[in-house]
Amino acid sequence: MFALVDCNNFYASCERVFNPALRNRPVIVLSNNDGCIIARSEEAKALGIQMGTPFFKCREMLERYKVVVFSSNYPLYGDMSSRVMTTLSALAPEIEMYSIDEAFLDMSSFKRYDLAAYAKHIRKSVRQYTGIPVSVGIAPTKTLAKVASRLAKKRPEYQGVCLLDTHDAIRSALQITKVEDVWGIGRQSSRLLHAERIETAADLADASAAWVRKHLHIVGSRIQAELNGESCLAMELVRPVKQSICTSRSFGRNVTTKEELEQAVATFAGKCAFKLRKEKALASMVTVFIGTSAFDEKDEYWGTQTVSLCYPTQDSIALLRASHLLLDALFKGGYAYKKAGVIVSGIVPEQSACMTLSLFHDEQESRNEREKKLMEVMDGINGRYGRGAVRLAAEHSEGWKPNQERLSPCYTTRWGDIIEVNV
DNA sequence: TCTGGGGTCCTAGGACCC
DNA sequence: TCTGGGGTCCTAGGACCC
């Protein structure tokens, strides 16, 4: 058996934990750059506020209903997430952190337990230790656990817990679940399925296996098998090394000069390098992309270019140099740029034996050592005195900084913010 | 005026090998 | 000039997830 523990309205709930005045009030959280709505409390959902709505389109309505609006505060959500995960780790022998607000728990060794009672215990514990409300779904496969947790969350009569442990319970759960709400069935597949009169999860479970294999491919076949109780997706206990790391942002205003784009791209390259060092990994390719607003059709430009590095690196300066060369090739004057990003890929572990060696071996060794020490010192200072205490001179955010007008304090990760709260 | 960011996996098709 | 069978690797694009 698998349990899926899913935090309710996670970002909105995080904002509430440290601000009790927000209880029972509609709360929403905006995407980066205060662009669109990405999280809503139950009260906000009840007002009919839709996920993904652009902020500017519903601003008036939000004010009218006195909805509390936050910019997204990822340091806070990341820290709250690890508190939830730590709590869950003590409640099951094995846990897979599936996303920032969800985890699968291995329940196979709980056969002699009352699983429904245990799910309630999980729910109560997370609430008590972190302040975050969660829903728990338990079932024989991951896909069914997803179905269960969704019902636990949507249907008040379940009180946050749904156990699917008998054939009948599974069947009726599948019958009340629309096929597009099944994990792994997206927009395209739903369209295809509806055209075949496959409307519910139960219909998909019963559909011709050959048809599913032909039209939804191997992924769809696995979903179908999982709905029928055959477990195809195992617990993934160790997170595999990332294959690519991306840092990108929309700009707070239009950016027209190359200098400002250089500053943005330098900042993203530095951030990618930092993420690589945190992953204990090296990258061997760099991609830079820049673009105008996706909503400005008449003056559109979207450029992307990739370069292979001579040898894999996690050095901020090396990635910055490569990124600037790519930007040189991409930049075209006369456009109002709205977004840029850096992606590093071809990632190998730091201690990898298959690292490409330079022809000039000795030179590379000493250079790598110097780079490495410099980055260690930089990360050390920033770890102690706060992000951005030291940075490369090319990193700058004046011109392009995303909007973040409604940011809450970093209650759990910054001393300065806590003091501010007390005052 | 204003519309997010960060990922993974799979497939098809091309180029190439013996 | 015609002809077979089996394989790998890479890339672009699509679909999906949170």
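Numbered from 1 within each chain, the chains take letters A, B, ... in sequence-line order.
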| request: Look at A/Lys339 and B/dG5 and indicate whether a side-chain polar atom (N or O) is within less than 4.0 Å of OP1 or OP2. | output: yes
| message | Once you apply a heavy-atom cut-off of 4.0 Å, does A/Asp101 come out as touching a base, just sugar-phosphate, or nothing? | response | sugar-phosphate
| Contact class for A/Asn32 vs. all strands (heavy atom < 4.0 Å): base, sugar-phosphate, or nothing? | sugar-phosphate
| task | Could you check whether A/Leu30 gets within reach of a base, just the sugar-phosphate, or nothing at all, counting any heavy atom under 4.0 Å? | result | nothing
| task | May I ask you to verify if any side-chain N or O of A/Lys338 is less than 4.0 angstrom from the OP1 or OP2 atom of B/dG4? | result | no
| Hey, mind stepping through A/Tyr335 and A/Ile290 against side-chain contact (heavy atoms from CB on, under 4.5 Å) and telling me if it holds? | CA-CA 11 Å; A/Tyr335 287 100; A/Ile290 56 176; over 6 Å; no
| field | N or O in side chain of A/Ser250 less than 4.0 angstrom from B/dT3 OP1/OP2 | value | no
| message | At less than 4.0 Å, is any side-chain N or O atom of A/Ser244 found next to OP1 or OP2 of B/dG6? Yes or no. | response | no
| Considering only C/dA15, B/dT8, B/dG4, which nucleotide approaches the side chain of A/Gln188 most closely? | C/dA15
| message | Base, sugar-phosphate or nothing for A/Arg59? Non-hydrogen atoms, less than 4.0 Å. | response | nothing
| query | Between C/dC16 and A/Ser189, is there an OP1 or OP2 to side-chain N/O distance shorter than 4.0 Å? | reply | yes
| Of the nucleotides B/dG7, B/dG4, B/dC9, which has the atom closest to the A/Cys246 side chain? | B/dG7
| field | Touch class at under 4.0 angstrom, heavy-atom based, for A/Val29 against every strand present | value | nothing
| query | Contact class for A/Arg249 (heavy atom, under 4.0 Å): base, sugar-phosphate, or nothing? | reply | sugar-phosphate
| field | C/dC18 versus B/dT3 - spacing of their P atoms, nearest Å | value | 25 Å
| query | Would you call A/Arg150 and A/Asp6 a salt bridge, taking side-chain N to carboxylate O under 4.0 Å as the test? | reply | no
| Nucleotide nearest A/Gln243 (side chain, heavy atoms from C-beta), chosen from C/dC18, B/dG4, B/dC9 | B/dC9
| said: Under 4.0 Å, counting only non-hydrogen atoms across every strand here, what does A/Thr53 touch: a base, just sugar-phosphate, or nothing? | reply: nothing
| task | Determine the sole option in A/Lys153, A/Arg40, A/Glu42 for which the side-chain hydrogen bond (donor to acceptor under 3.5 Å, both in side chains) test with A/Asn9 is passed. | result | A/Glu42
| 5′-ward residue of the pair A/Pro240/A/Lys57 relative to DNA chain B | A/Lys57
| field | Phosphate contact (B/dC10 OP1 or OP2) by A/Arg222 side-chain N/O below 4.0 Å | value | yes
| task | Please check if any side-chain donor atom of A/His396 sits under 3.5 Å from a side-chain acceptor atom of A/Glu259, or the reverse. | result | no
| note | Out of B/dG7, C/dC18, B/dT3, minimum distance to the side chain of A/Glu102 belongs to C/dC18
| request: Tell me which nucleotide among B/dG7, C/dC18, B/dC10 gets nearest to the side chain of A/Val219. | output: B/dC10
| message | We want to know whether A/Glu260 and A/Thr257 form a side-chain donor-acceptor pair, criterion being a heavy-atom distance below 3.5 angstrom. | response | yes
| request: Verify the stacking flag for A/Phe295 against B/dT3: centroid separation must be under 5.5 angstrom and the ring planes must differ by under 30 degrees. | output: yes
